[in-house]
Participant: 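Have a look at the structure that comes next, please.
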Amino acid sequence: MEIKQVIVVRTDLKMGKGKLAAQVAHASCEAVFEAMRKKPSWVEQWRLSGQKKIVLKVNTELELKEIYVKARSMGLPASMIADAGLTQLPPGTVTAVGIGPAPSSEIDKITGKLKLL
């Protein structure tokens, strides 16, 4: 079973490269923390197999929130990141979602049609 992590980020916000990278990192870390609590065996397998991560894009907050809700409804570890508002974005702006580490086949049911960032 292949295990991976997918991070989905909004492109409509026009974040700078550094800001975007930070939001992706937040989503990745928070999803891993949740997976460590819920599915530690997935985290261990993912860690030992190279920590595969894929970053995908959406264009709206609604798309991002729908992805998060689907992941949660399927029982997958997931995080949704809302920016603190200290730099480029207003406080509470939803920027990214992290899913997994989890089985690739399950994540693909949610994100399989999205484009790479």
Side-chain angles (χ1 to χ4, degrees):
M1 168 174 57
E2 181 186 66
I3 302 287
K4 70 180 177 184
Q5 184 180 59
V6 169
I7 299 98
V8 184
V9 66
R10 286 176 59 187
T11 56
D12 62 308
L13 296 172
K14 309 293 186 211
M15 293 178 276
K17 289 178 185 174
K19 181 67 165 180
L20 188 142
Q23 298 303 300
V24 167
H26 287 318
S28 175
C29 290
E30 288 298 325
V32 169
F33 296 150
E34 181 172 335
M36 289 170 65
R37 289 188 301 273
K38 288 185 166 183
K39 296 287 187 174
S41 63
W42 289 354
V43 176
E44 186 65 8
Q45 183 179 344
W46 175 72
R47 192 180 68 78
L48 295 173
S49 63
Q51 300 176 27
K52 182 177 183 178
K53 293 173 208 69
I54 299 169
V55 182
L56 304 172
K57 62 184 176 178
V58 294
N59 293 312
T60 69
E61 180 177 353
L62 179 61
E63 287 176 280
L64 195 62
K65 287 182 174 180
E66 287 174 351
I67 288 165
Y68 176 75
V69 168
K70 286 178 188 173
R72 289 297 220 181
S73 71
M74 291 174 61
L76 299 175
S79 64
M80 186 164 54
I81 302 305
D83 192 66
L86 301 177
T87 56
Q88 299 176 19
L89 302 171
T93 302
V94 177
T95 58
V97 165
I99 306 170
S104 295
S105 59
E106 293 300 301
I107 295 176
D108 288 348
K109 291 175 185 175
I110 303 165
T111 63
K113 293 185 177 169
L114 299 178
K115 295 187 183 303
L116 292 170
L117 177 64

Participant: Check whether any side-chain heavy atom of Lys57 lies under 4.5 Å from a side-chain heavy atom of Val8, and answer yes or no.
Facilitator: no
Participant: Got a list of side-chain donor-acceptor pairs under 3.5 Å for residues 36-43, not counting sequence neighbours?
Facilitator:
from	atom 1	to	atom 2	distance (Å)
Arg37	NH1	Phe33	O	3.4
Lys38	NZ	Glu34	OE2	2.9

Participant: Give me the atom names and distance for the closest heavy-atom approach of Ile7 to Ala27.
Facilitator: CG2-CB, 3.9 Å
Participant: Hey, quick one: are Leu76 and Leu64 part of the same hydrophobic cluster, counting side-chain heavy atoms closer than 4.5 Å, chains of contacts allowed?
Facilitator: yes
Participant: Residues in salt bridge (charged side-chain N to carboxylate O under 4.0 Å, His left out) with Glu2, at least two apart?
Facilitator: Lys52
Participant: Using side chain to side chain donor-acceptor pair (under 3.5 Å) as the criterion, list what pairs up with Ser105, not counting sequence neighbours.
Facilitator: none
Participant: Quick one: pull up CD in Gln51 and CH2 in Trp46 and give me the separation to the nearest 0.5 Å.
Facilitator: 4.5 Å
Participant: So, taking the atom named CG in Leu56 and the one named CD1 in Ile99, what distance separates them when rounded to the nearest 0.5 Å?
Facilitator: 8.5 Å
Participant: Which heavy-atom pair separates Ala35 from Pro101 by the least distance, and what is that distance?
Facilitator: CB-CD, 3.8 Å
Participant: Is the backbone N or O of Ala78 less than 3.5 Å from a side-chain atom of Glu30, with the two atoms forming a donor-acceptor pair by type?
Facilitator: no
Participant: Rounded to the nearest 0.5 Å, what's the gap from CZ on Arg72 to OG on Ser79? Could you check?
Facilitator: 8.5 Å
Participant: Report all side-chain donor-acceptor pairs from residues 109-117 shorter than 3.5 Å, counting only partners two or more places apart or in another chain.
Facilitator:
from	atom 1	to	atom 2	distance (Å)
Lys109	NZ	Glu106	OE2	2.9
Thr111	OG1	Ile107	O	3.2

Participant: Would you call Val97 and Val6 a side-chain contact if the rule is heavy atoms closer than 4.5 Å?
Facilitator: no
Participant: Among pairs that include at least one residue of residues 3-18, which meet salt bridge (Lys or Arg N to Asp or Glu O under 4.0 Å), considering only residues two or more places apart or in two chains?
Facilitator: Lys4-Asp108, Arg10-Asp12, Arg10-Glu61
Participant: Can you name the residues that form a side chain to side chain donor-acceptor pair (under 3.5 Å) with Gln88, not counting sequence neighbours?
Facilitator: none
Participant: Would Val32 and Met80 show up in the same hydrophobic cluster when neighbours are defined by side-chain heavy atoms closer than 4.5 Å?
Facilitator: yes
Participant: For the pair Ser28 (side chain) and Ala25 (backbone), establish whether a donor and an acceptor sit closer than 3.5 Å, ignoring hydrogens and angles.
Facilitator: no
Participant: For Thr95, check side chain to side chain contact (heavy atoms under 4.5 Å, CB included) against everything at least two apart and list the hits.
Facilitator: Leu13, Met15, Gln23, Ile81, Asp83, Leu89, Thr93
Participant: Who pairs with Thr60 by side chain to side chain contact (heavy atoms under 4.5 Å, CB included), at least two apart in sequence or on another chain?
Facilitator: Leu62, Glu63
Participant: Do Tyr68 and Val58 sit in the same hydrophobic cluster, where Ile, Leu, Val, Met, Phe, Trp and Tyr count as joined when their side-chain heavy atoms come under 4.5 Å apart?
Facilitator: yes
Participant: Please list, chain by chain and in numerical order, all residues satisfying side chain to side chain donor-acceptor pair (under 3.5 Å) with Thr87, sequence neighbours excluded.
Facilitator: Lys19
